[in-house]
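In what follows, a single structure is set out as structure tokens and then discussed.
Start at 1 and go down the list; that is how both ligands and their atoms are numbered.
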Amino acid sequence: MQHQPGKRQEETLDPHDWDNARAVAHRAVDDAIDYLRDVRDRPVWREMPADVRSSFDALLPHSPTPLRQVYRQITETLMPYPMGNIHPRFWAWYMGSSNFTGALGDFLAAIQGSNLGGGNHAAAMMDSQVVSWCKEMIGFPASASGTLASGGSMANTIALIVARNAKAGVDVREHGVTAIERPLRFYASNQVHSCHRKAIEAMGLGNRALQRLPTTDDLRINLDALRTAVARDRAAGFQPACVIGSAGTVNTGAIDDLDTLADFAAQENLWFHVDGCIGALVAIAPQSAHLVRGLERADSVALDPHKWLHAPFEVGCVVVRDAAAHLASFSVVQEYLEKTPRGLASADWLYEYGLQTSRGFRALKVWMALKEHGVEKFGRLIDQNIAQGRYLEELIASEPLLESVAPATINIVCFRYCPSGLDELAVKRLNLEIMMRLQEEGVAAISDTTVRGKHCLRVAINNHRTRRADLDLLVREIVRLGRDIRISR
Ligand SMILES: Cc1ncc(COP(=O)(O)O)c(C=O)c1O
């Protein structure tokens, strides 16, 4: 457009020089490919130098910086200092390790730019298609509903809200939790992820509404304790509403007896929710699917494509058997979002299945990677991680200085370096020091936890880049560090 003298030129965020934008973008893609290809050659993690840290104190920019320079700054201060979870020796907490195609999907989703609040467009159809694929992967019927969420915490929260509303006996949306006649009770093992506590608190039920029950030796929910608690609560005037089974606990990967929980929930008229953020996708792994039998009988399941489908963060998913109950928990039709017979607003609004209105286009990164590799490959990769967990257990069993702390059901291995003559506190200090040195030396990122009062190192192998040789190295390095480190008694 011609510049008209005397008139203020209208502005846009589009590049004024598309060739320059193209050159910088090509460079970024080339660098990204090298970055991923060479990830094994870099340290898993490294501490940021002071000048890099202080660069994040820079004030709000008021004037422009050329894109080339913006990108250069990113390559210097951001890219060399990642959390590390795309590295083959990252096994801390519980993450996926991302994938190139998924990253490309995120880029294209942002370029296409659709808002997944809903509407009649291709991205919305793909969002629903990915939810359908999630249902299929875990054996849920096509008639179930579901939604993609930011992650497992939000997926679990959505499911628990539906459970509360379905079992409250009053219209909680209209009258609030104070209208519930008998206080609701939810049940889970004491290994349940903390997001459930946050959800129950946010739902206005109070932390005590979540009864955390003891586990058996293998850290699965103790079914006798569950039966006793439900009977006791009924007698005391509470209303048992929901049992939450864990398909893979965050501490040790233990999988509750889902079939028996489904039977019990049916007998007691409880909502049966499964937190499958870690393990629901074991259902697609040919060697291990039997471990999550009963999952398909749940009323709702939360799963996390950003874990065992390795989608770049964020994407979680919740599926709900009773689609009407799901919709009834979140649907609000406002005058500014009325459906029309034709055009952009002629499809269902996806925001009616959760708490967000605007929603990102999370489906594309999952869709592209599933399409490229096929679901069977993801199933084999899950089996591969589970086999690697067993391999690590064998390495631990054959190293006298290491002690297993909990049995590994799937891909989480809990153990500690435990020379004779140290008390519990000294063992904890020694293991913490080993863990921090492994991180600081860039060798491996592992985390720690406490299982039945014993502090331990925790290796969660949710990583499609890990090889057995990486686990050999981990064990060697732990023993080396354990021998080197002096802990005062
Ligand atoms: C069993 C379990 N549930 C829920 C969550 C929360 O998932 P997210 O981190 O995706 O919110 C996690 C996270 O690791 C988990 O392990």
Problem set entry | Salt bridge present between Arg416 and Asp448 (N-O < 4.0 angstrom) | no
Exercise. Would you call Lys428 and Glu424 a salt bridge, using N to O less than 4.0 angstrom?
Worked result: no
Problem set entry | Pocket residues of ligand 1, ordered first by chain and then by residue number (heavy-atom cut-off under 4.0 Å) | Tyr94, Gly151, Gly152, Ser153, Asn156, His193, Cys195, Gly248, Val250, Asp275, Cys277, Ile278, Asp304, His306, Lys307
Exercise. Considering the options Ile158, Val320, Leu355, which one meets the side-chain contact (heavy atoms from CB on, under 4.5 Å) requirement together with Thr147?
Worked result: Ile158
For this session: Step through the shown structure and confirm whether more than 12 heavy atoms of other residues, nucleotides or ligands are within 6.0 Å of CZ on Arg212.
Result: yes
Exercise. Among Arg465, Arg40, Gln388, which residue meets the side chain to side chain donor-acceptor pair (under 3.5 Å) test with Asp470?
Worked result: Arg40
Exercise. To the nearest 0.5 Å, what is the distance between NZ (Lys135) and SG (Cys317)?
Worked result: 9.0 Å
